[in-house]
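The structure under discussion appears below in the form of structure tokens.
Just follow the structure's listing: the first ligand is 1, and inside any ligand the first atom is 1. Along the sequence shown, residues carry numbers from 1.
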Amino acid sequence: MAQLLDGKTLAQKIQDDLKTKIPDWVAKQGRPPGLAVLMVGDNPASAAYVRNKERACEKIGMASFGKHFPADTTQETLSEAIAQLNEDEQVDGILVQLPLPKHLDDVALLHQIHPDKDADGLHPLNLGRLLRGEQGIRSCTPAGVMEILKAYDLSVAGKKAVVVGRSILVGKPLALMLLAEHGTVTMAHSRTPDLGAVTREADILVAAVGKPNLITVDMVKPGAVVIDVGINRVVNEETGKGRLVGDVDFANVVNVAGAITPVPGGVGPMTVTMLLQNTFLSYCRKLGV
Ligand SMILES: Nc1nc(=O)c2c([nH]1)NC[C@@H]1CN(c3ccc(C(=O)N[C@@H](CCC(=O)O)C(=O)O)cc3)C=[N+]21
Ligand SMILES: [Mg+2]
């Protein structure tokens with residue numbers, strides 16, 4: 001059986017650490033770090049994520065400023081809201097919950113967030129810094145993956161890493177982070193022929209596509225580290241209950257992999273934690289520490 005990479009416990013540990021640090025800062029600076037979450041519409045999955053983020057803020061003593069807008073909100077209204085948050089001294093991190101309703105231009109809004117308040121690490125300046133190997137705010141999900149590897153002493157240097165999925169949210173930035181840690185990185189995606197032949201080479205295999213059971217046991221090299229970034233809600237036909245699964249056929253792959261992240265309880269909780277950490281670091285930087 002593979003070693004379980006417990007992102008939930010690691011996330012808890014990092015959040016506890018932030019929770020211990022924050023009161024001292026509040027005492028000295030007169031205010032807590034603050035995160036603003038912009039959400040548009042009432043997509044139930046987004047609403048649940050946003051609630052989680054706000055609850056996590058509250059738990060560690062960070063201020064959260066929820067900005068919830070109706071589904072028919074205009075680009076101008078949102079643009080105005082971001083401009084205000086950019087100026088707001090209480091706000092250290094700004095996040096636009098994705099996906100946005102179709103009529104809105106999400107990229108234009110992401111570009112508008114001040115790069116120093118870009119808690120999600122999706123502003124082109126921060127992505128450019130990652131590409132160049134400069135310091136900057138790193139996107140949360142890939143940063144969470146790297147934290148898991150580090151916490152479990154799974155070194156990347158010299159390893160063959162295969163990232164399946166090339167989104168700007170996960171696949172692309174994660175490939176760059178693995179490369180920065182001296183991995184030999186391959187990016188695979190929906191147009192990759194014979195995906196299994198590629199993934200079987202991986203010492204570190206990351207699935208970030210959003211397709212249940214995409215990675216089957218025959219696609220995994222024995223002993224490989226398997227990181228499952230997929231978050232898929234599926235309904236059990238018999239019970240009618242919804243549950244969360246990743247992109248990896250966990251039940252079978254767990255018998256072959258050397259280490260594996262579960263879903264839930266793997267990468268997901270780390271994403272939220274990295275968002276808090278990014279906001280805290282922006283706060284510290286702003287105060288010149
Ligand atoms: N601007 C933006 N930034 C994001 O980072 C972002 C986003 N938009 N839109 C949606 C996706 C998705 N995402 C998740 C965060 C936490 C869990 C998470 O905590 N998952 C738990 C389970 C949660 C549950 O049970 O529903 C787990 O895997 O254990 C999942 C998914 C962030 N996203
Ligand atoms: Mg893709």
The atoms of ligand 1 lying under 4.0 Å from a heavy atom of I231, numbered in the order shown, are 28 (O), 30 (C)

Short version for V272: what comes under 4.0 Å of ligand 1, heavy atoms counted, is side chain

Note: ligand 1 atoms sitting under 4.0 Å from heavy atoms of G265 are 27 (C), 28 (O), 29 (O)

Of all protein heavy atoms, the one nearest atom 11 (C) of ligand 1 is Y49 CE1, 4.4 Å

Going by the 4.0 angstrom heavy-atom rule, the piece of C140 near ligand 1 is neither

Nearest non-hydrogen protein atom to atom 32 (C) of ligand 1, with distance, is T271 CG2, 4.0 Å

Note: R243, heavy atoms under 4.0 Å from ligand 1, region reported as neither

The option among A45, G242, G268, G121 carrying the non-hydrogen atom nearest to atom 18 (C) of ligand 1 is G268

Across all chains, not counting sequence neighbours, the salt bridge (charged side-chain N to carboxylate O under 4.0 Å, His left out) partners of E76 are none

Quick look: L244 vs ligand 1, heavy-atom contacts under 4.0 Å, and the answer is side chain

List, one per line, each side-chain donor-acceptor pair under 3.5 Å for residues 280-289, sequence neighbours excluded.
unit_1: S282; atom_1: OG; unit_2: D116; atom_2: O; d: 3.0
unit_1: S282; atom_1: OG; unit_2: N278; atom_2: O; d: 3.2
unit_1: Y283; atom_1: OH; unit_2: R31; atom_2: O; d: 2.7
unit_1: K286; atom_1: NZ; unit_2: E89; atom_2: O; d: 3.4
unit_1: K286; atom_1: NZ; unit_2: V91; atom_2: O; d: 3.3
unit_1: K286; atom_1: NZ; unit_2: D92; atom_2: OD1; d: 3.2

Of all protein heavy atoms, the one nearest atom 2 (C) of ligand 1 is D120 OD2, 3.1 Å

Does an N or O from Q97, backbone or side chain, lie closer than 3.5 Å to an N or O of ligand 1? yes

